[in-house]
Amino acid sequence: MNAIPNQRHLYMGTFEAEAYWRDAQLASLPALPDRASSAIVAAMDELLFSFCQPGDALLTRYAISPVHRQYIAQLGFHPAVNERDLTDGMELAGNVSAASVFELLGSRKADAGEGFPQLEGCVLSPFAGLPYVEEAARVWGITLHQPPLETIRKVNAKTYSSDLKRSLGLRNPGYIVTSFADVAEAGRKLLRDGSFLIKDDFGVSGKGNLHITSTQMLDRIVSYLRGQERKGKQVLFLLEPFQEKEQDFSCQFTIGDDGSVDIISVQWLANTQFSYRESLSPDGAFLERLEREGYFSLMQDVGRQLYQDGYYGDVCIDSMTLRGGKLEPIIEINARKSMSLIKHQLDTFLAGKNMRGTLTNYSLSHDGSLSYEELLEGLKGEGLLFTGEREEGVMPLGANTLYVNTGGRDGENKIVGHTSTPSRNATGRGGRSPAKQVRVSGIGVSDGGSEGNGIVKPGLNGKNETDGNERARGKGRLYLELVAASDEDKMQLTTKLERFLAEHHFTVLN
């Protein structure tokens, strides 16, 4: 949604915004680093094309594949985009720098006019407000329309959600703990009635949550936090009873400059181990239940309180129903855009064609040998690709998340470390043999990725792997909209898609 109508908007953002709001002095929960997943998340900003209206601009960390730009153009999306990576060679494959897209943009003014669209006068509509936004806007002449960064940070904290639940008289606001001793005391109280969750104040989907099921687990975490506290780290977590959920869902609304609250949509969510899996539209009976139980009235109250605390803009409230039928209306507050809001944008697009869809994703292991262009051509050949002329099909939402760890990105702006010495039969721009020239609706072959030729590259675990005659496999994620008229049609489409992926040597990981 455009905050200021009748002006060009610039869409961009870094999806794991919580990492930029989090104080470096806070103690952290134990977690295994996953560079491959971090690289995928860094490439998710290409999904923001769904917000773009005619004349709008979209800047992404990694330049969008020319093949994908042509595909979404056929669907009616024509954003002005950067044709060069914002990182511009600063990142090796699978190693994402700590800089957000706004910090990167602010450092690129010398490149104005060279692979970047005209941005002066655009109104910024970010995925989330982050540091360096003001600096980037000043350098490029971008118009800002958002609350102060400190306000954004405050209302996105888990402790803010807990305090708000308490002030609204909702159950299970949790325990806010500020020392390892507090964790031990509150944890033992909670374990008397069952298991519980420890939540980082700025935890992100799939990270920053621990499910504690025993005193042994609790003792290990307390010891881990004690060590950090002795090194000067500040303990700040939220402890909540673990609840047996029936269904995750979320509500998206916007808060206007005048404090008005506009509820946009409700989306059912399918999550796996606290991580986002897919969004789908709820049925009318569920929406009627929410209305009957005062859920939407409560969302209005939440919006008004956020406005009183200085926030306006996009909001996503995570909620759930519990086994036994109870409604848990507020799990946490996300004062930013969301995957479910992207789903709503796609819903709006499909509604104009009397179609409906499900936003989902596949985490895949593959070697990058099948280019994005060949992927689209293969889907089209199997009758699976959504083109806007079909009543159902698979609508891929981006290429970079799938290829960021395998070097199969189309276009000239490959991540450093992904290129290879061209073979004798390679094309001049990329290193893919021209033996198989493919086209998707008039799209010619562009750069399909390196062919290996004995080159050493970093593997998923940071180890060097020699290609030899086989390419190293890496992890990617294919975000897509499954467009189908019914649940039965959706299941059939899913089965065909998964068969196609298996036949083309993709291994599904989720």
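As a basis for the values below, the full set of heavy atoms in this structure was taken, side chains included, without hydrogen atoms, waters or symmetry mates. Along the sequence shown, residues carry numbers from 1. Since the structure is predicted, the reported quantities are computational estimates derived from the model, not experimental observations.
- Residues passing the salt bridge (charged side-chain N to carboxylate O under 4.0 Å, His left out) test with Asp201: none are found, sequence neighbours excluded.
- Side-chain contact, Arg473 with Thr507: a donor N or O sits under 3.5 Å from an acceptor N or O.
- Summarising the local packing, CZ of Phe249 is surrounded by more than 12 heavy atoms from other residues, nucleotides or ligands at distances under 6.0 Å.
- Looking at heavy atoms from C-beta onward, Met299 lies in side-chain contact with Ile263 at the 4.5 angstrom threshold.
- When side chains are defined from C-beta on, Arg356 does not count as touching Leu350, because their heavy atoms never get closer than 4.5 Å.
- Contact annotation: the side chain of Leu210 approaches that of Pro30 to within less than 4.5 Å [non-hydrogen atoms, C-beta and beyond].
- Not one N or O on the side chain of Asp200 forms a donor-acceptor pair closer than 3.5 Å with the backbone of Leu29.
- Contact of the Arg22 side chain with the Glu18 side chain is not registered, since no non-hydrogen atoms from C-beta on lie closer than 4.5 Å.
- Cation-pi contact between Lys337 and Phe51: present, with separation from the ring centre below 6.0 Å and deviation from the ring axis of at most 45°.
- Within the 3.5 Å criterion, the main-chain N or O of Arg477 finds no donor-acceptor partner in the side chain of Asn361.
- The closest donor-acceptor contact from the side chain of Gln118 to the backbone of Glu120 lies under 3.5 Å.
- When all heavy atoms of Lys475 and Ala36 are compared, the pair lying nearest together is CE-CB, 4.0 Å.
- Ala128 pairs by the side chain to side chain contact (heavy atoms under 4.5 Å, CB included) definition with Ala17, Trp21, Arg336, not counting sequence neighbours.
- Lys343 pairs with exactly one of Ser281, Ser265, Ser338 by the side chain to side chain donor-acceptor pair (under 3.5 Å) rule, that one being Ser281.
- No donor-acceptor pair closer than 3.5 Å links the side chain of Lys158 to the backbone N or O of Phe202.
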Side chain to side chain contact (heavy atoms under 4.5 Å, CB included) assessment of His78 paired with Ile72: CA-CA 7 Å; His78 303 272; Ile72 63 175; over 6 Å; no
Met339/Met44 under side chain to side chain contact (heavy atoms under 4.5 Å, CB included): CA gap, chis, key distance, verdict: CA-CA 10 Å; Met339 291 298 292; Met44 287 176 66; 3.7 Å; yes
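- Remark: side-chain polar atoms of His504 are paired, donor with acceptor, to backbone N or O of Phe500 under 3.5 angstrom.
- Heavy atoms from other residues, nucleotides or ligands lying under 6.0 Å from CD of Glu488 number 12 at most.
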Criterion side chain to side chain donor-acceptor pair (under 3.5 Å) on Asp257 and His145, from CA distance to verdict: CA-CA 10 Å; Asp257 299 350; His145 183 72; 3.1 Å; yes
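- Nearest heavy atom pair, residue Leu124 against residue Leu144, reads CD2-CD2, 3.7 Å.
- Smallest separation of non-hydrogen atoms from Pro396 and Leu478: CB-CD1, 4.5 Å.
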Leu482/Leu497 under side chain to side chain contact (heavy atoms under 4.5 Å, CB included): CA gap, chis, key distance, verdict: CA-CA 10 Å; Leu482 290 172; Leu497 172 62; 4.3 Å; yes
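- In this structure, the side chain of Asp262 does not engage the main chain of Thr254 through any donor-acceptor pair within 3.5 Å.
- Between the side chain of Glu481 and the backbone N or O of Leu359 there is at least one donor-acceptor pair closer than 3.5 Å.
- Of the possible donor and acceptor atoms, one in the side chain of Arg108 sits under 3.5 Å from a partner among the backbone N and O of Leu86.
- Nearest heavy atoms, Ala80 versus Arg8: CB-NH2, 4.4 Å.
- Few gaps surround NZ on Lys154; more than 12 heavy atoms of other groups in view lie less than 6.0 Å from it.
- Looking at residues two or more places apart in sequence or on another chain, you find no side chain to side chain donor-acceptor pair (under 3.5 Å) involving Thr14.
- Residues Tyr403 and Tyr372 share a closest heavy-atom pair of OH-N, 3.0 Å.
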Stepwise side chain to side chain donor-acceptor pair (under 3.5 Å) check, Asn334 with Asp318: CA-CA 8 Å; Asn334 300 294; Asp318 290 339; 3.1 Å; yes
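- The closest side-chain heavy-atom distance from Leu287 to Val266 is below 4.5 Å.
- Aromatic ring centroids of Tyr479 and Tyr362 lie 6.0 Å or more apart.
- Remark: of the listed residues Tyr11, Tyr71, Phe77, Phe77 is the sole one forming a ring-ring contact (aromatic ring centres under 6.0 Å, His included) with Phe49.
- Side chain of Ser340 to backbone of Gln267: no donor-acceptor contact under 3.5 angstrom is found.
- Checked by atom type and distance alone, the side chain of Asp56 pairs as donor or acceptor with a backbone atom of Gln53 at under 3.5 Å.
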CA sep, side-chain torsions, deciding dist, call: Thr494, Gln492, side chain to side chain donor-acceptor pair (under 3.5 Å): CA-CA 5 Å; Thr494 299; Gln492 292 176 356; over 6 Å; no
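- Side-chain atoms of Leu370 and Phe506, non-hydrogen and from C-beta on, do get closer than 4.5 Å to each other.
- What you find for Leu269 and Ser279 is that their closest heavy atoms are CD2-OG, 3.4 Å.
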Pair Val81-Phe116, side chain to side chain contact (heavy atoms under 4.5 Å, CB included): steps then yes or no: CA-CA 7 Å; Val81 300; Phe116 288 83; over 6 Å; no
